[in-house]
Protein chains: 2
Amino acid sequence: MANVTIKDVARMAQVSVATVSRALNGHGNVAAPVRARVLAAARELRYTPHAAARSLSSRRTQTIGVVLPDLYGEFFSELIRGIDQVAREHGLHLLVSSYHGDPDEQSAALGAMRGRVDGLLAMAPYVGGSEAMRADLDAALPRVLINSRPAADEPVVGVDNYGGAVAMVGHLVGQGHRRIAFLSGPEDNFDAHERLRGYRDAIARLLPQSQPWELRGEFDEASGHRAGQALLAAAPRPDAVFAANDMMALGCMFAFAQAGLRVPADIAVAGFDDIPLAGYVHPGLTTIRVNIAELGARAARLLIARIAGEAAGGSSPLATELIVRASSGARGASPS
Amino acid sequence: MANVTIKDVARMAQVSVATVSRALNGHGNVAAPVRARVLAAARELRYTPHAAARSLSSRRTQTIGVVLPDLYGEFFSELIRGIDQVAREHGLHLLVSSYHGDPDEQSAALGAMRGRVDGLLAMAPYVGGSEAMRADLDAALPRVLINSRPAADEPVVGVDNYGGAVAMVGHLVGQGHRRIAFLSGPEDNFDAHERLRGYRDAIARLLPQSQPWELRGEFDEASGHRAGQALLAAAPRPDAVFAANDMMALGCMFAFAQAGLRVPADIAVAGFDDIPLAGYVHPGLTTIRVNIAELGARAARLLIARIAGEAAGGSSPLATELIVRASSGARGASPS
DNA sequence: CTGAAAGCGCTTACAG
DNA sequence: CTGAAAGCGCTTACAG
């Protein structure tokens, strides 16, 4: 079965290669008995079409490219899962590539997709990244950007980071918290930027008499831990800390635990993302759930529509969900 | 830049396409000034070779296929990360595919790799899966199996599940535990089988007077929880429970917590895998760390060697590491 | 409904 | 060192 080609099938079925091609690809215009003969021959020879040859002549690869900053961790794993699910429903393959924050690698990854994919799903969460990406992209290649700053005529799918942050502030205020500090993410990260904007707007609207209270973090646990220590030294301390992602929230909680502070009795904590850990720590972390797999699935569906020539535009941001656990409990309440 | 081909470059550089090909692929026999002209033209036209065409004529795709049961979760995410790292070091792409436990999909995924990849990394953790896979595979396609039951002349990389289980039993016995129950994984799973074998052998060697005490689980949290409840009803209860993976261990701990049992004071718990959660729960879970990314990297390196024609055989199982946390504390000790 | 032939964009002996 | 040509394995107008 090593090198069975369409010629072998044609010979065995006693037809031309053109007819084999038509029969195998389900083109209507093949006589039933001929088609049967071809299929039987193909099965017997265990024939599988050579993908590169098919791609070269049909100009289709049945593959979509996925270019991400990284392949590591829950977020990308979930994203790929959602993409994969839609892709396989459509019989498409996934060519994945990561660039580890290196612009040159990003550029190389994008370039190498030429002739390998029918369309591209790309993510460039940092400012400038998507602009560079657009420049590198074959202009004719259908594409969908994930979680990027929207740009004219460029389809983008994203999460409603802004709405999620607003919802969280609303929840914390509802719990009676008034001094709500925000631990933001990297300045040049688009998601982080939107969450910060949501925090600011919600504070301005719900607690017009108070000032926003912002600290900068880097989306990792260590920076959350540092921020937690900084907040411990503040007088008065905040009632609640809203971290722009769960990893930082966990780092914060760790710092508070080390200092003997009880969460939420002494200070409430909330995060964003709803990573699996959020449900396992004690107390459970109140957070905003983002359905990452659905985000990936949406992006894939949109891309497939565009490959098919449908002028599908970007979709509205993916809604988030407030997940209330113990960490955001009412101010002064005893821990459950 | 949409459809720049080698012909366009040849025209601009005033040479034949053959020379362009040689210059771009770094074949030594091109005059320096000619090479420079070609490279300049290619850069100016933003030329990227068409991958399918190149593959078709060179019989190389610069891509390795990765066929996994699933793309979801920490394990696969880490595995892909390790593979990706080695692949990019060698300038190779990754075509990923999952089959969700469906043999037909597995077969289809394997077949569709023809002409798309230079070699295949495949994982079929269930009995029978790898046999079916071998039958589907193009015999000539280089491949490496991951965590599969070793077979003659078939390169396999795997984890030392057996040794890890032996080490864990040794640790538990060292802590003074004598009645050590084992919560095994799915019967038809190769990793689960090896861990069970390690448990049995270690018990027979270290505690020759005692009987193995085995319960069956399914590698998920729910079955761990059920097993924990079953053990609560046993009289006498075990001193320690060694679960064949961390998710089941966590389910167990959850059942014990619900029943008011203290871990490890009343009963010790240990797992296998060292998933991130293991370090976050209270008490921390004693477990066996498996470097999944390294497993993926090894598999990729071995495959690349085989693609290059080196007759690299399988490697020895990847060593594991005992991670001692609070959950396995000495019998009767107070919780930290 | 079927076949002969061109062509997809490259690479690689083969000459020179 | 360079070019003309064959060939990789398909698909797809074009005839018939």
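Below, each value reflects all heavy atoms present in this structure, side chains not excepted, and no hydrogens, waters or symmetry copies. Proteins get letters first, then strands, A, B, ... in listed order; numbering begins at 1 in each.
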Mind checking salt bridge (charged side-chain N to carboxylate O under 4.0 Å, His left out) for A:R81 and listing every partner two or more places apart, or none if nothing turns up?
A:E78

Salt bridge (charged side-chain N to carboxylate O under 4.0 Å, His left out) with B:D118: which residues, sequence neighbours excluded?
B:R60

I need the [atom1]-[atom2] distance between [X] and [N], as an integer number of Å.
{"X": "B:Y47", "N": "C:dG9", "atom1": "OH", "atom2": "C1'", "answer": "7 Å"}
{"X": "B:R116", "N": "D:dG9", "atom1": "CZ", "atom2": "C1'", "answer": "14 Å"}
{"X": "A:H50", "N": "D:dG7", "atom1": "NE2", "atom2": "C1'", "answer": "13 Å"}
{"X": "B:R35", "N": "D:dC1", "atom1": "CZ", "atom2": "P", "answer": "9 Å"}
{"X": "B:I6", "N": "C:dG9", "atom1": "CD1", "atom2": "P", "answer": "11 Å"}
{"X": "A:R37", "N": "C:dC1", "atom1": "CZ", "atom2": "P", "answer": "15 Å"}
{"X": "A:R11", "N": "C:dG3", "atom1": "CZ", "atom2": "P", "answer": "14 Å"}
{"X": "B:R59", "N": "C:dG9", "atom1": "CZ", "atom2": "C1'", "answer": "14 Å"}

Respond yes when some side-chain nitrogen or oxygen of A:R54 is under 4.0 Å from OP1 or OP2 of D:dT11, and no when none is.
yes

At under 4.0 Å, does any side-chain N or O of A:R60 touch on OP1 or OP2 of C:dC8?
no

Watson-Crick and G-U pairing of DNA chain D, under 3.5 Å, as dot-bracket with | and [ ]
|||.||||||||.|||

Run the side chain to side chain donor-acceptor pair (under 3.5 Å) test against A:T63 and tell me which residues pass, sequence neighbours left out.
B:R116

Pairwise salt bridge (charged side-chain N to carboxylate O under 4.0 Å, His left out) hits with a residue in residues 47-59 of chain A, at least two apart:
none

Heavy atoms from other residues, nucleotides or ligands near NE2 of B:H50 exceed 12 (cutoff 6.0 Å)
yes

Under the side-chain contact (heavy atoms from CB on, under 4.5 Å) test, which residues partner A:I6, sequence neighbours left out?
A:V17, A:V20, A:S21, A:Y47

Got a sec, which residues hit side-chain contact (heavy atoms from CB on, under 4.5 Å) with A:E294, two or more places apart in sequence or on another chain?
A:N291, A:A297, A:R298, A:R301, A:L318

Do any N or O atoms of the protein come closer than 3.5 Å to N or O atoms of nucleotides 12-16 of chain C, and which pairs are they?
residue, atom, partner, partner atom, Å
C:dA13, N6, B:R22, NH2, 3.0

Which nucleotide in the list C:dT2, D:dC10, C:dC10 gets nearest to the side chain of A:P49?
D:dC10

Indicate yes or no: at least one non-hydrogen side-chain atom of B:I64 is less than 4.5 angstrom from one of B:L94.
yes

Return whichever of B:V34 or A:K7 has its heavy-atom-nearest nucleotide of DNA chain D closer to the 5' end.
B:V34

May I have all residue pairs that pass side chain to side chain donor-acceptor pair (under 3.5 Å) and include part of residues 8-17 of chain A, sequence neighbours excluded?
A:D8-A:R11, A:S16-A:T19

